[in-house]
Participant: 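The structure is given below, and queries will be raised subsequently.
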Amino acid sequence: MKICLFGGSFNPIHKGHIKIAKEAIKQLDLDELIFIPCQKNPFKKDINYASGEDRKKMIELVLEDKMSISDFEIKRQGISYTIDTVKYFKNKYPNDELYLLIGSDNLLKLSKWKDIDEISNLIQIVVFKREKEINKTNIKKYKCILINNQLFPESSTNFFKGQFDIVEENVLHYIGKNKLYFEDILKNVLDAQRYLHSVHTKEFAIKLAKSHNYDVKKAAFAGYVHDIAKSLANDNKTQARKIIKDYYKDPQKDIQDYQLHQELGYIILKKFAIEEEIAHAVKVHTSLALELSTLDKIVYLSDKLCQGRKYPDIQKIREKALKNLDEGLKLVILKTKEFNINKGIKFTQEQEDIYDKWSK
Ligand SMILES: [Fe+2]
Ligand SMILES: [Fe+2]
């Protein structure tokens, strides 16, 4: 049997990994390709990893024909060294043809790998292309086979920067259900100041939830992610509008500029299958709506009353909101209206109606 080991952090597994796995199966005529998520990549010590168990489950969701997964490295704990993995599988499959699949981005530092000479004697190293320029010296030195694959644009880095479609839908749902990676995503899609505002909003949402007997975890998460689309929407308003119109299948949909990031935020959270209650609070956190849930109010108020916001009487309004949610809402709306009128902003009739209803 021809068996290929494919190690990596798979943090999380994305479509690029699957493309490469398929290509290797085809070009090497493999019987099996084994994904081996590592406990920690010795070269990427500062990256936040989802737990081994979570990364394993996400891989299981996207396995195709002739693909399997081994939790050998996860179970060992600590830093994974390839030599130990190679020896383990050599031992397990003494009579099979074994391959080790690596990306060409590893070629340069290959000579630094622990016991690399022994690795290249024990197993056939196979290299897939990650970039156009390939380090031919090490290919020769370690007798590697080069797979002639098309370059693929997917990478975990791009995922954290907001290219969520490079991850399979069921994996996105797993991430959303288990609330994985949102800290890394927010730190990558928001600038430092906006990230800090997200943390402050989360903190005030926790206070409000505690004061009003609401689910603290839900409020904290909703407050934390409420501006997830702020930069994505601001950086490309045309694209944001298009995504929103496509989502609602309504090319005529009227969307005000200030609504872009709440709408896009909603759509992103729905991609991750985040509960409707949370996604809805994000969807109405700037405009509000004629119908509001407790969480909608908590997120709106946290955004406007959190640390870092400064306007006259804010401390009094904070105290009011902690005692009575609707009273707080009324006061914040009156302030917001006044602020926007002074800025010369005209409200749509719909917005007037919403403000009137909640500030009466
Ligand atoms: Fe916002
Ligand atoms: Fe905000």
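Any value given below was found using the heavy atoms of this structure, including those in side chains, with hydrogens, waters and symmetry copies removed. Start at 1 and go down the list; that is how both ligands and their atoms are numbered.
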Participant: Can you tell me if D227 has an N, O or S atom under 2.8 Å away from the Fe ion (ligand 1)?
Facilitator: yes
Participant: Among the N, O or S atoms that H197 has, which is closest to the Fe ion (ligand 2)?
Facilitator: NE2
Participant: Output the distance between atom NZ (K230) and atom CG (L190), rounded to the nearest 0.5 Å.
Facilitator: 9.5 Å
Participant: Would a single hydrophobic cluster contain both L151 and I166, if residues Ile, Leu, Val, Met, Phe, Trp and Tyr are joined by side-chain heavy-atom contacts under 4.5 Å?
Facilitator: no
Participant: Among the N/O/S atoms of D303, select the one at the shortest distance from the Fe ion (ligand 2) and name it.
Facilitator: OD1
Participant: When you look at CZ of F339, are more than 12 heavy atoms from neighbouring residues, nucleotides or ligands closer to it than 6.0 Å?
Facilitator: no
Participant: In H261, the N, O or S atom nearest to the Fe ion (ligand 1) is which?
Facilitator: NE2
Participant: Is it possible for you to check whether K253 lies under 6.0 Å from the centre of the six-membered ring of Y248, through NZ or CZ, and within 45° of that ring's axis?
Facilitator: yes
Participant: Please determine whether H226 has a backbone or side-chain N, O or S atom lying under 2.8 Å from the Fe ion (ligand 1).
Facilitator: no
Participant: Is there a donor-acceptor pair under 3.5 Å between the side chain of H14 and the backbone N or O of G16?
Facilitator: yes
